[in-house]
Amino acid sequence: MPAAPQFQSEFLRTFVERGAYYDCSGPAELDGLFAKERVTAYIGFDCTADSLHVGSLVQLMTLRRLQQAGHKPILLMGGGTTKAGDPSGKDETRQLLTNEQIEANKQSILSGIRHLLKFGDGPSDAILVDNAQWLDKLEWIPFLREVGRHFSVNRMLSMESVKLRLDREQPLSFLEFNYSIMQAYDFVELYKRYGCRVQSSGSDQWGNVVSGIDLGHRLVGTQFYGLTTPLITTASGAKMGKTAAGAVWLNAGRVSPYDYWQFWRNTEDGDVGRFLRLFTDMPLAEIKRLESLQGAELNDAKKILATAATAILHGSEAADKAADTARRAFEDGAMAEGLPTITAKLPDGILNLAVAAGLAASNSEARKLITNNGLKLNDAAVSDPKLMVDASALNADGVLKLSSGKKKHVLVKPA
RNA sequence: GGAGGGGUGCCCGAGUGGUUAAAGGGGACGGACUGUAAAUCCGUUGGCUACGCCUACGUUGGUUCGAAACCAACCCCCUCCA
């Protein structure tokens with residue numbers, strides 16, 4: 001990571017202090033820009049799913065901090081680029097999404113992050129922009145003549161993202177090759193429409209950001225700037241945001257506030273301070289104190305992290321509720337309401353219930369879980385896969401608790 | 001368009017006619033130890049109405065008592081050439 005320059009502007013200083021700074025172009029000028037005026041900056045996201053996940057959270061926090069510092073964030077949704085079908089990442093071509101799906105995804109993504117950013121018409125309110133607005137209307141030849149001529153294939157081939165692919169002998173379609181051109185073009189459009197001169201992104205997007213800056217020079221003769229955030233990995237080196245159940249989605253419909261809270265609660269020791277800085281608004285002095293806690297005491301810091309991070313995404317009410325549910329479930333060993341809950345008709349076989357509760361993907365898996373002593377009914381290990389569960393297993397509140405391992409609990413209510 | 005190489009389970013990757021539901025690794029899940037952490041160790045890792053049955057090695061068809069392995073056609077990917 002490049003050494004962070006000594007910035008003067010409030011925004012960039014905070015950005016560095018909170019560990020979100022990786023690199024930027026023209027640091028001195030950019031710093032001056034942030035110090036003297038309200039800056040409009042954007043970050044782009046794809047619309048391939050109906051929710052963003054934790055991997056995008058650093059970027060979203062960047063928008064949030066821009067807003068907090070009085071600047072204007074633009075959330076650029078890749079409605080146009082998604083229509084083309086981004087072939088990156090996987091070796092299979094992704095299924096093309098219909099316009100309706102993309103629109104639905106866009107709305108869903110937006111609803112999932114409504115606590116993170118304030119949208120509106122105010123000077124530092126965030127705005128949502130969809131690049132389909134301009135990409136859809138482009139014409140091939142005029143576009144090539146106006147924009148395409150500024151791109152050197154020689155240089156594009158040497159870009160990290162492209163080179164990596166070629167070196168690994170993985171397919172790289174022409175479509176994908178064009179992505180950096182479309183992204184660069186987005187930057188220019190956002191400048192024309194909103195006076196946006198700053199693009200933020202993950203450090204892996206540096207090449208594309210630079211392309212946009214170059215294009216700005218050539219097309220409109222204006223100096224653009226790039227600001228990147230580091231790739232966040234856990235202390236033990238894993239990519240952040242993947243758990244048992246898959247990606248940690250931001251939308252409550254995919255990952256409940258309770259599960260989201262749990263995700264942060266299970267942060268590795270070595271990450272607590274860093275994550276507090278990156279993913280909460282907590283004052284730095286307080287973070288310093290929390291991360292200095294030793295051993296088991298660090299668990300308290302993790303709870304604070306979990307509640308603060310959940311509050312930013314889902315609101316403080318939901319966060320407090322998740323914290324309370326967790327406290328009762330883990331510390332009091334109670335059947336705290338607020339745990340994930342399903343309804344099922346009883347009596348039913350234990351295997352069916354475990355599958356219905358999402359604790360196992362199939363009866364076989366549930367069976368294996370039992371063999372490994374991992375499935376619990378009301379905190380008692382189940383040993384018989386043929387066990388029939390009936391109303392006698394219900395507690396005073398009329399629910400029963402199924403658990404896989406020590407951490408995953410699901411309440412079952414009779415239908 | 002031509003020549004060559006390749007498509008195996010969540011991922012990577014062995015396997016060139018039977019003992020292969022498929023070595024090994026990664027990941028994931030469970031157990032032990034802990035602090036709902038990390039590291040370590042152990043177990044599990046296609047499905048089912050389960051000592052048996054079904055489905056699986058790009059697709060379809062064929063050879064064979066028997067195929068992921070052999071043959072044919074097709075689809076897709078990579079490399080080089082034009």
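Hydrogens, waters and symmetry mates are skipped; everything else that's a heavy atom, side chains included, is used. Within every chain, numbering begins at 1; the chains are lettered A, B, ... in the order of the sequence lines, protein sequences first and strands thereafter.
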Listed pairs under 3.5 Å, donor-acceptor, residues 349-358 of chain A side chains, sequence neighbours left out:
from     : atom 1 : to       : atom 2 : distance (Å)
A/Asn352 : ND2    : A/Asp348 : OD1    : 3.1

- Task: Name every residue in residues 282-301 of chain A that has at least one heavy atom under 4.0 Å from any atom of RNA chain B, in order of residue number, or write none if there are no such residues.
- Result: A/Gly295, A/Ala296, A/Asn299
- Item | A/Phe279: ring-ring contact (aromatic ring centres under 6.0 Å, His included) partners, not counting sequence neighbours | A/Trp264, A/Phe275
- Message: For A/Arg289, give me all partners under side chain to side chain contact (heavy atoms under 4.5 Å, CB included), at least two apart in sequence or on another chain.
- Response: A/Glu286
- Message: Considering only residues two or more places apart or on different chains, which pairs with a residue in residues 393-415 of chain A satisfy ring pair (Phe, Tyr, Trp, His ring centres under 6.0 Å)?
- Response: A/Phe330-A/His409
- Item | Distance between P atoms of B/G2 and B/U8 (Å, rounded) | 25 Å
- Query: Starting at NZ of A/Lys368 and ending at P of B/C42, how long is that distance when rounded to a whole Å?
  - Reply: 21 Å
- Once base and sugar-phosphate atoms are separated, protein heavy atoms under 4.0 Å mark nucleotides 49-57 of chain B, 5' to 3', with B, S and - as SB-------
- Message: Filter on salt bridge (Lys or Arg N to Asp or Glu O under 4.0 Å), then keep only pairs touching residues 261-273 of chain A, sequence neighbours left out; what's left?
- Response: A/Asp269-A/Lys302, A/Asp271-A/Arg274
Using the 3.5 Å cut-off, write out each protein N or O paired with an N or O of nucleotides 30-33 of chain B and the distance between them.
from  : atom 1 : to       : atom 2 : distance (Å)
B/G30 : O2'    : A/Asn372 : O      : 2.8
B/A32 : OP2    : A/Lys406 : NZ     : 3.0

- Query: With sequence neighbours left out, what residues match A/Trp206 under side-chain hydrogen bond (donor to acceptor under 3.5 Å, both in side chains)?
  - Reply: none
- Query: What pairs with A/Ser180 under side-chain hydrogen bond (donor to acceptor under 3.5 Å, both in side chains), at least two apart in sequence or on another chain?
  - Reply: none
- Message: For A/Lys303, give me all partners under side-chain hydrogen bond (donor to acceptor under 3.5 Å, both in side chains), at least two apart in sequence or on another chain.
- Response: A/Glu331
- Query: Partner of B/A21 by Watson-Crick or G-U wobble geometry, both contacts under 3.5 Å, or none?
  - Reply: none
- Item | Contacts of A/Asn178 that satisfy side chain to side chain contact (heavy atoms under 4.5 Å, CB included) - sequence neighbours left out | A/Phe174, A/Ile181, A/Met182
